[in-house]
Number of protein chains: 2
Amino acid sequence: MTTKQNKAYENVLEKIKNYIERDHLKPGDRLPSEREMAEELQVSRSTIREGLRAIELLGMIETRRGEGTFLRPYQSYQTLSLLSTFIFQDPATKKDLAHTLSLIEQAILFEGATHYQQSITAEWSGHQVNYWKKRGYKQTFQVIIKHINNELLAKIWYLLYAFRLTLNEDNKESEVKQLFERFDQISVTVKNLSSKEDM
Amino acid sequence: MTTKQNKAYENVLEKIKNYIERDHLKPGDRLPSEREMAEELQVSRSTIREGLRAIELLGMIETRRGEGTFLRPYQSYQTLSLLSTFIFQDPATKKDLAHTLSLIEQAILFEGATHYQQSITAEWSGHQVNYWKKRGYKQTFQVIIKHINNELLAKIWYLLYAFRLTLNEDNKESEVKQLFERFDQISVTVKNLSSKEDM
DNA sequence: TATTTTTATTGGTCTGGCCACTCGTACTTT
DNA sequence: AAAGTACGAGTGGCCAGACCAATAAAAATA
C-alpha cells in the first residue's frame, strides 16, 4: 500500500520510539549514534539530525558532543506554572480559553453519557444533590472523567479549567445542577440516536 | 557575558523570530527560503533545516515543497513547547493519546458542523476531492479549525496530532474521504436535532 | 484567448567531509 | 608500581555541494 509519504524525519521519530521500546531505554540512557541510526534506517545522517533536533526542542532528548544522544530525565512539574505564565500573557489564547474548555467539556460529557452512563449516574446517586453542590463543580465533573479513565484527557481538562479560574474576572463557577441536567439531556439524546440507528 | 554558545540551530530560531518582527509577518505569510536564510545567517542550509524541523514539529511553521516555508496560523511556540513537555513527561498519557485525539476531533467536527457548516463546505468545494487527498488529512482537517477560529483549540489539536504521528505504531493516517463523510453525517444529525427543537 | 511547455525557485534528501569534544587505552615518566 | 601523558576511536556539530521533486510563473503554442 501506499505508504504514505511521510517526511523522512518523521520516520526517524518512529524509529527512535522503537529503540526505546526494544531496548527498554529509560531516561538517561543512550540512544544509538547518529551514524548507526542512519545506517540502520538507510537514510542520510542529516535526515537523522533533523529528526533529533525536533524532539530535542521538545525536551525529549539531550545531545552531548563526543558522548552521544540521551533520553532526557524527567523534569519537575514546574512546567505547569510556567505554562500558566505563557497562556496568561497571550491575549489570543485567553479569549479562546472559555470556548475551548466548553468544547472539551462537551466532548467529555458526550463520551461519558455514551459509554459510562450507568456507572457515572450510580456514583452520583450515591449522595444527595447537596453533597455534590458542596463539593463543587470541579469534583462533580471529575467523576465523569474518572470513569472515562483517560489521564491525558483529565490533564488537559484540568489545565484548562484551572486557567480559566485564574483568568476569570467574574467568579461565577458553573453550577452543579446544570451539569446534572446537561448530562441527562445528552444521555437521552444519545439513546435516541442509537435506538434510531437500530431501526 | 554572553556566552553561551548556543547551538547554531538555536540562533536560527532567534533569527526567524527577528524576521517575523522585522517584516511584521503574519500567520500564513512566507518566510525567506532556506537558501536565503543560510546566506544571510552565514550558516549551512542543513543547519537552517535543523532549526526549521524543530519548530515544524511544534506547529509553528509549515513547509511546502516548491513553494516555501510559511508561518502557521498560530504561533507562540513556547506555549506549545511547554505543553508538549508536560504531556510527554508522563508515559501513562501515551496510551490515552489516540482516544483523546479522537474525542477532540469529534468535538471539533461537531462545532464546525454546528456553526460553520456553510463556510467549511464552501472552502472544501473549492477544489476537487483529489486535491484534498493530495494535501492529506492534516491539512483538510485544519480547514475546519481555521473556520472555528480558536487558536488554543488549534494548538491542542495539532499537538496531539503530531504526537500521535510520533508514537503510533500503525501508521495508518485517517482518510480524507472518511473525514468528509463524518462531517456530513454530523451536519445532518445537527440539523435534525435543531429542527426537532423548533417543533 | 486558452492551453501546453519550459524555466526558475523551493523544499527534500543524500554524500562525504572536517572539526571539537569525550573517553578509554597504551605508553611513558617518575 | 603509580601517576601522568599521548593517542586513537567514536561521537555530535557543522559545512559544501549535489540531485531530485514539486510548484508557480513565464514563455511558447494552439
Side-chain angles (χ1 to χ4, degrees), chain A residues 2-16 19 23 25 28-72, chain B residues 3-16 19 23 25 28-72 126-128 130-136 138-140 162 165:
Chain A
T2 84
T3 92
K4 79 164 320 283
Q5 74 240 50
N6 272 334
K7 288 189 189 172
Y9 84 90
E10 290 179 340
N11 296 335
V12 172
L13 303 188
E14 179 74 20
K15 189 64 182 178
I16 290 178
Y19 280 131
D23 302 335
L25 298 185
D29 287 350
R30 223 200 77 178
L31 286 167
S33 76
E34 297 178 351
R35 290 170 176 86
E36 280 179 59
M37 289 196 257
E39 169 69 20
E40 186 171 335
L41 260 173
Q42 289 290 294
V43 297
S44 73
R45 207 185 131 206
S46 38
T47 298
I48 297 286
R49 292 195 112 251
E50 289 189 22
L52 290 179
R53 285 300 79 70
I55 58 180
E56 175 174 311
L57 200 61
L58 287 183
M60 253 194 102
I61 60 168
E62 171 179 8
T63 54
R64 298 203 281 270
R65 179 190 295 193
E67 298 183 61
T69 304
F70 301 82
L71 275 185
R72 209 192 188 86
Chain B
T3 89
K4 172 166 193 313
Q5 63 177 7
N6 278 332
K7 290 190 187 174
Y9 84 90
E10 291 178 337
N11 296 335
V12 173
L13 304 188
E14 246 337 277
K15 189 64 182 179
I16 291 178
Y19 280 130
D23 301 335
L25 298 185
D29 286 351
R30 222 200 76 174
L31 286 167
S33 76
E34 297 178 352
R35 289 170 177 86
E36 282 178 59
M37 288 196 257
E39 170 68 22
E40 187 171 337
L41 262 172
Q42 289 290 293
V43 297
S44 74
R45 206 185 133 207
S46 36
T47 299
I48 298 286
R49 286 181 62 77
E50 289 188 23
L52 291 178
R53 285 302 77 70
I55 58 179
E56 177 175 347
L57 196 62
L58 290 182
M60 215 188 149
I61 58 167
E62 166 181 15
T63 53
R64 298 203 281 269
R65 179 189 295 192
E67 299 182 61
T69 303
F70 301 82
L71 277 184
R72 263 197 183 290
H127 296 86
Q128 301 288 336
N130 269 338
Y131 171 86
W132 295 110
K133 278 194 179 170
K134 212 166 179 179
R135 271 192 124 60
K138 189 170 74 177
Q139 313 255 354
T140 310
L165 276 191

Open item on the list: Checking B/Ile48 against B/Lys15 for the side chain to side chain contact (heavy atoms under 4.5 Å, CB included) test, could you report, in this order, the C-alpha distance in whole Å, the side-chain angles of both residues, the deciding distance, and whether it holds?
Closed with: CA-CA 10 Å; B/Ile48 298 286; B/Lys15 189 64 182 179; over 6 Å; no

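- No donor-acceptor contact under 3.5 Å links the side chain of A/Arg35 to the base of D/dG10.
- DNA chain D is contacted by A/Arg45 of residues 40-47 of chain A, taking any non-hydrogen atom closer than 4.0 Å.
- Every residue meeting the side chain to side chain donor-acceptor pair (under 3.5 Å) condition with A/Thr47, not counting sequence neighbours, appears here in chain and number order: A/Ser44.
- Scanning for salt bridge (Lys or Arg N to Asp or Glu O under 4.0 Å) contacts around A/Glu36 gives an empty result, with sequence neighbours left out.
- For A/Glu67 and D/dG13, the CD to C1' distance is 14 Å, given to the nearest whole Å.
- Look at B/Arg53 and B/Glu56 and you find a salt bridge, because one of the NZ, NE, NH1 or NH2 atoms lies within 4.0 Å of a carboxylate O, short of that distance.
- Nearest heavy-atom pair across B/Trp132 and B/Thr140 is O-OG1, 3.5 Å.
- Phosphate proximity of C/dT9 to B/Arg65: absent, as no side-chain N or O sits under 4.0 Å from OP1 or OP2.
- Applying the 4.0 Å criterion to OP1 and OP2 of D/dA24, one finds that B/Arg64 has every side-chain N and O outside that range.
- For A/Thr63, counting side-chain heavy atoms from C-beta on, the closest listed nucleotide (D/dG12, C/dC23, C/dG11) is D/dG12.
- Across the protein-nucleic acid pair, A/Arg49 atom CZ and C/dC19 atom P stand 17 Å apart, rounded to whole Å.
- Regarding contacts with the backbone of D/dG10, every side-chain N or O of A/Ser33 stays at 4.0 angstrom or more from both OP1 and OP2.
- The shortest non-hydrogen separation linking A/Val12 to A/Leu41 is CA-CD1, 4.1 Å.
- Considering only side-chain N and O atoms, B/Thr69 lies nowhere under 4.0 angstrom from the phosphate OP1 or OP2 of C/dT10.
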